Each structure stands twice: as C-alpha cells, then as structure tokens.
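One structure is given here, and the rest of the page talks about it.
Within every chain, numbering begins at 1; the chains are lettered A, B, ... in the order of the sequence lines, protein sequences first and strands thereafter. Bear in mind the structure is a predicted one, so any value in this text is a computation, not a measurement.
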Number of protein chains: 2
Amino acid sequence: MKRGQAVMTLFEIRKMSAHLPNPVPRAGGVVSPCSACNVRHLTLCAALDDREVTEMSAIVSSVELGPGEPLFDEAEPAKNVFNVTAGAVKVYKLLPDGRRQMTGFLFPGDFLGLANEENYAYSAEAVTFTTLCRFPRKKLEGLLEKYPLMERRLLGMASHELAVAQEQMLLLGRKTAREKVASFLLMLSRRAVQRGQKDNPISVPMSRNDIGDYLGLTTETVSRTFTLLKQAGTITLLGNGKVELSDRKTLEVMSDGA
Amino acid sequence: MKRGQAVMTLFEIRKMSAHLPNPVPRAGGVVSPCSACNVRHLTLCAALDDREVTEMSAIVSSVELGPGEPLFDEAEPAKNVFNVTAGAVKVYKLLPDGRRQMTGFLFPGDFLGLANEENYAYSAEAVTFTTLCRFPRKKLEGLLEKYPLMERRLLGMASHELAVAQEQMLLLGRKTAREKVASFLLMLSRRAVQRGQKDNPISVPMSRNDIGDYLGLTTETVSRTFTLLKQAGTITLLGNGKVELSDRKTLEVMSDGA
DNA sequence: AGGGCTCCTTGACCTACATCAATGGCCGAG
DNA sequence: CTCGGCCATTGATGTAGGTCAAGGAGCCCT
C-alpha cells in the first residue's frame with residue numbers, strides 16, 4: 001500500500017463519517033500490520049532491545065483514524081493499549097448531561113489505554129488524521145511478565161502521567177482563564193520540543209471548544225482570552241491552527257499567576 | 001514502648017507545634033522500627049508472601065505525625081515512599097502566590113511519594129494524628145528488581161491513582177459547587193467502606209478550608225453548600241467532624257449533575 | 001473563669017466567567 | 001460562483017461563586 005493510497009482511504013472514511021448519524025463504527029480506521037513504532041519518546045517501544053522488538057512487532061498492529069473518529073469509549077472493555085505515532089488524540093470523560101472534561105491531548109510518542117480495571121476509564125478520539133500502534137492488552141501483559149524492564153518503563157510512564165494530572169488539577173482548580181490559556185500554550189510548546197519539533201510557531205490542532213473542555217472554560221472565554229493575549233502582543237495568531245508565542249517570558253510569568 | 005507512652009509523645013509534638021512559627025522541623029515525628037504494615041487494602045504490603053514480608057520489614061521504618069505536621073515538601077528530593085497506616089494525610093501543590101490545590105486525601109492503606117523524577121511533585125502533611133510506614137526509595141527499588149510481582153502491584157496502584165485523578169479533573173473542571181460537595185462526601189463514604197469502616201456516619205477530619213482547596217472552592221462556599229444540603233435534609237452535621245448521609249440516593253443523583 | 005486561638009457560619013456585595021445571540025470567515029460541494 | 005456548515009469572534013447580559021466583613025462556637029492555656 002502506497003502513501004497516496006492510504007490518504008485516499010482516509011478521505012473515504014472522513015466522507016463516510018460526515019454522513020453517519022453516530023459518526024463511525026467503533027474503533028474504526030484502517031488496520032494493517034504495523035511498521036511504525038519507531039518513535040522514540042516516552043514510548044513503550046522506545047529503547048527496546050532486539051529481542052523485545054521482535055516479540056513486540058509480533059503482537060502490534062496499526063490503526064489510522066480521521067479527524068473526529070472515536071478510538072474507544074469510556075466503559076468499553078479495555079482490550080487494547082495504544083501508542084500514538086502521528087497526529088493528535090483527545091481523551092475525555094463525560095457527565096450524564098453531556099458536560100465534557102478533556103483529560104489530555106496525546107501526541108506522537110504518547111501512550112493511552114492503560115487501565116487497571118476491566119474497562120476504559122475515558123473515551124478517546126482523533127483530533128487530526130492520526131496513526132497509532134495497537135497492542136492487545138492480554139498479549140502485552142504476557143510480554144510484561146517475560147520482560148520486567150518493560151514493566152518498569154510502564155510504571156515510569158504512569159508516574160509521569162500522574163504528575164501531569166496533578167499539575168492539571170492545580171490548573172483546573174486554582175488558575176484564572178488567562179493563566180490557564182498561557183499554561184496551555186506553553187505546554188503545547190514544550191511537548192512539541194519533546195517530540196523534536198520547533199518550539200515556536202506552535203501548532204494548535206484542536207478547536208476552541210476542545211481547548212475549553214480541557215481547561216474548564218467555554219469556547220467563548222477561550223476565544224476572548226486568545227484575543228486578549230493577541231492584543232497584548234504576547235501571542236500572534238498565524239491562522240490555520242498556528243500560533244506564535246511572541247513573548248514567552250510574559251506567558252511564563254502569566255501561567256504561574258503573576 | 002507502650003501504647004500509652006506513644007500517645008504522650010504525640011501530645012508533646014502537638015504542644016510543640018502549636019508554639020513554633022514554622023510548625024515543626026521537616027519530616028518530623030517519632031521514628032521507630034515498624035511493626036505495622038498489616039493494613040490490607042491497596043497497600044504495597046498487602047498480599048506479600050513470607051519471603052517478601054521478611055525483606056520488606058528489613059527496610060521499613062515507621063513515622064508518626066501530629067495534625068498539621070509536614071511529611072515532605074514539593075521539590076524536596078524524593079528519598080522515601082510512604083504508606084499510611086493510621087490517620088489521614090493531605091497532599092497538595094501550591095502556586096507562587098499561595099493558592100493551593102489539594103490533589104488528594106490519603107487514608108490507611110494509601111500510598112504516597114511515588115515519583116518518577118528526582119523530587120517530590122507535591123507536598124504532604126498530616127491532617128490528624130497519623131502513622132506511616134516509610135520505605136527508603138533506593139532500597140525499595142532494589143526489592144522491586146528482585147520481585148517483579150511487587151512492581152506489578154505498584155503499576156496497578158499507579159493506574160488506579162490515574163483513574164482517580166481523571167475523575168477529579170472532571171469534578172474540578174465541570175461540576176458545580178453542589179455537585180462537588182456531594183461527590184466529595186460520597187467519596188469519603190466509599191473509601192471508609194474500602195478500609196473496613198462503616199459507610200454512614202462518616203468522619204470528615206479535614207477543615208472546610210482543606211475541603212475547599214480540594215474541590216476548587218473557597219471555605220465560605222463549602223460551608224454554605226454544607227448548610228444547603230443540611231437544610232434540604234440530605235445530610236446531618238453531627239458535629240466533631242462527623243457527617244451523616246441521610247439521603248444517599250439524592251446525594252448520588254446530585255453528584256452526577258441532575 | 002477568662003483570654004486568645006482557630007474554625008465555622010452567615011450576610012452583603014462584586015466580578016470572572018457563563019450564557020445567549022449575532023455576525024463573519026473558511027471550506028467543501030454542487 | 002454560490003450555498004450551507006462549522007468554527008471563531010464579539011457583544012450584551014446573567015449568575016455562581018468569590019471576596020470582605022462580622023459574629024459565634026469550641027478549645028487550649030493560664
């Protein structure tokens with residue numbers, strides 16, 4: 001399958017999902033043997049030795065999703081664990097009346113689907129065209145027993161996630177709208193660096209609404225805050241989901257509440 | 001050391017801390033070899049086999065803290081990992097200007113201090129008279145290498161924590177004051193059951209201020225919300241940190257946003 | 001018993017953000 | 001090119017919860 005052809009397929013999916021009442025069949029996307037998993041940051045596949053890589057590639061498969069396509073839903077049986085290799089994924093929880101809280105945005109190298117319980121604790125959905133590696137949970141657990149070092153890596157990743165989550169609680173519980181948005185932009189910038197991209201004009205692929213649900217704000221407040229920052233000369237909106245952090249120092253001070 | 005004597009010591013500490021400007025020396029409390037660690041829920045020490053228990057008890061020691069005494073501070077080198085055996089601990093992060101976000105309350109059986117990085121990601125402080133088991137991190141890591149099953153248990157605990165943290169993000173970002181307080185009371189009740197206590201008149205050992213910092217509210221709003229629930233007959237304030245959940249059904253509906 | 005804590009409660013008022021509503025830009029489809 | 005959808009932006013208005021201020025209750029200490 002050539003690259004051109006894969007893109008065609010994604011457009012098909014996108015077209016389909018635009019017409020479906022309930023966007024798309026569960027855990028949709030094109031599935032084929034995974035040749036990726038060459039991402040090297042915070043990844044389960046990072047720093048594997050040869051033997052581990054061999055065994056890993058035997059159980060892994062690849063998933064491709066178009067924008068807005070669901071990967072899995074909260075409370076669905078947690079059959080797989082995923083590793084983002086390209087694109088961006090949003091992860092969220094819902095209240096019965098539809099209020100939504102994003103619990104994270106995931107980028108290449110990030111991991112999702114780790115669940116202690118039988119079922120996923122949150123829903124996951126593609127933000128942009130996205131590719132992921134999929135590990136059947138059962139088989140992965142088998143591997144973990146054989147290679148305790150992989151388990152250690154997972155533990156490290158979980159601890160890291162936990163620290164990130166606590167930082168986010170501080171943001172949600174105690175920061176103002178301005179501080180939240182500033183923190184958010186800086187976070188995107190830092191993570192872009194981590195996966196080897198430029199830190200300055202950053203890409204903000206998600207909608208204002210998604211950002212609002214991540215920061216505990218409304219679309220309108222996010223939008224207003226962006227324009228405030230723009231008017232203050234702190235950021236520049238370049239259009240097309242690109243934002244330039246024109247004055248990082250100010251953003252940094254702002255993100256912390258000064 | 002007899003029980004009576006230990007209590008005396010704790011009163012001494014309390015007396016001291018009442019007079020000190022900065023409450024008490026770092027990681028204070030009385031330290032003696034640990035005979036506890038017989039708590040059986042979500043604990044590192046739970047379900048150990050005999051050999052593990054032996055090795056564990058060789059590295060563990062015990063810590064006792066009076067109310068308000070710090071266990072460790074954010075950014076301090078993470079030398080130890082702790083397991084609460086009695087009492088209650090609060091864990092929080094601060095903004096430079098002093099705003100505070102509790103990231104959790106810990107009860108007997110809970111674990112804290114797991115850190116991926118060199119330093120603790122948060123501060124921890126006793127809410128009531130508290131005893132903990134202390135594991136030097138380095139030595140614990142040595143044990144983990146020998147007993148991969150313990151590592152698995154830790155991973156399970158971290159995943160569980162992560163799910164709890166995500167639930168808390170939903171609360172902080174999207175719930176109203178009433179929903180937050182209702183969720184909080186139910187959480188306390190559920191956790192009381194988990195560690196084998198009654199689920200109804202529950203003990204609420206922390207101050208309104210602490211609760212506010214946990215729920216992203218002010219002291220006043222927490223207090224007002226308690227009285228609203230009281231007036232509606234949903235709860236009864238029994239005084240002395242005891243609360244009766246008179247109408248759990250209503251609380252449950254309320255906690256979810258209905 | 002009385003003074004000085006800290007914590008809780010309640011009231012009056014205020015403000016940051018939500019809500020409601022209108023408009024405009026962009027993009028894909030025909 | 002035009003039409004229809006979606007998203008972002010902006011304005012006008014509303015409100016949940018914050019802020020400020022004043023008691024009051026329990027507790028320890030003398």
How far does the helix from dA1(C)-dT30(D) to dG30(C)-dC1(D) bend, going by the axes of its first and last five pairs, to the nearest 10°? 40°
May I ask you to say what L215(A) touches in the nucleic acid, namely base, sugar-phosphate or nothing, with a heavy-atom cut-off under 4.0 Å? nothing
Among residues 220-227 of chain A, which residues get a heavy atom nearer than 4.0 Å to DNA chain C? E220(A), T221(A), R224(A)
Residue pairs, two or more places apart or on separate chains, that pass side chain to side chain donor-acceptor pair (under 3.5 Å) and touch residues 222-231 of chain A: none
How are the rings of F105(A) and Y214(A) set to each other: parallel, tilted or perpendicular (split at 30° and 60°)? tilted
Separation of dC26(C) C1' from N240(A) CG (nearest whole Å): 10 Å
Tell me the interatomic distance from N209(B), atom CG, to dC8(C), atom P, rounded to whole angstroms. 8 Å
Show the atom names and distances, to 0.1 Å, of all donor-acceptor pairs under 3.5 Å that link a side chain in residues 169-178 of chain B to residues at least two apart or in another chain.
| from | atom 1 | to | atom 2 | distance (Å) |
| --- | --- | --- | --- | --- |
| R174(B) | NE | R100(A) | O | 2.9 |
| R174(B) | NH2 | G212(A) | O | 3.2 |
| R174(B) | NH2 | D213(A) | OD1 | 2.6 |
| R174(B) | NH2 | L217(A) | O | 2.8 |
| K175(B) | NZ | S183(B) | OG | 3.0 |
| K175(B) | NZ | S255(B) | O | 3.0 |
| T176(B) | OG1 | E179(B) | N | 3.3 |

May I ask you to say what G239(A) touches in the nucleic acid, namely base, sugar-phosphate or nothing, with a heavy-atom cut-off under 4.0 Å? nothing
Using atom types as modelled and distance alone, determine if a side-chain donor or acceptor of Y122(A) lies under 3.5 Å from a backbone N or O of G113(A). yes
Salt bridge (charged side-chain N to carboxylate O under 4.0 Å, His left out): pairs with one or both residues in residues 120-129 of chain A, sequence neighbours excluded: K90(A)-E125(A)
Report the distance from atom NZ of K180(B) to atom P of dA16(D), rounded to the nearest whole Å. 14 Å
More than 12 heavy atoms of other residues, nucleotides or ligands under 6.0 Å from CG of N240(A): yes or no? no
Taking atom P of dC17(C) as reference, at what distance in whole Å does atom NZ of K175(A) sit? 13 Å
From dG17(D), dT19(D), dT9(C), pick the nucleotide closest to the side chain of T218(B)? dT19(D)
Just how far, in rounded Å, is P of dT9(D) from NZ of K230(A)? 7 Å
dT9(C) P sits how many Å from Q231(B) CD, rounded? 11 Å
Just grab all the salt bridge (charged side-chain N to carboxylate O under 4.0 Å, His left out) pairs involving residues 242-258 of chain B, residues at least two apart or on different chains. D199(B)-R248(B)
Main-chain N/O of A88(A) paired with T128(A) side-chain donor or acceptor, under 3.5 Å: yes
The side chain of L217(B) lies closest to which of these nucleotides: dA8(D), dA18(C), dG17(D)? dG17(D)
Distance in angstrom units between R208(B) CZ and dT19(D) C1', rounded: 19 Å
Give one of base, sugar-phosphate or nothing for L228(B), where a contact means two heavy atoms less than 4.0 Å apart. nothing
With sugar-phosphate meaning primed atoms plus P, OP1 and OP2, does G212(A) contact a base, only sugar-phosphate, or nothing at under 4.0 Å between heavy atoms? nothing
Can a donor-acceptor pair be found, under 3.5 Å and without considering hydrogens, that links the side chain of K93(A) to the backbone of A121(A)? yes
Separation of R99(B) atom CZ from dT19(D) atom P, in whole Å? 9 Å
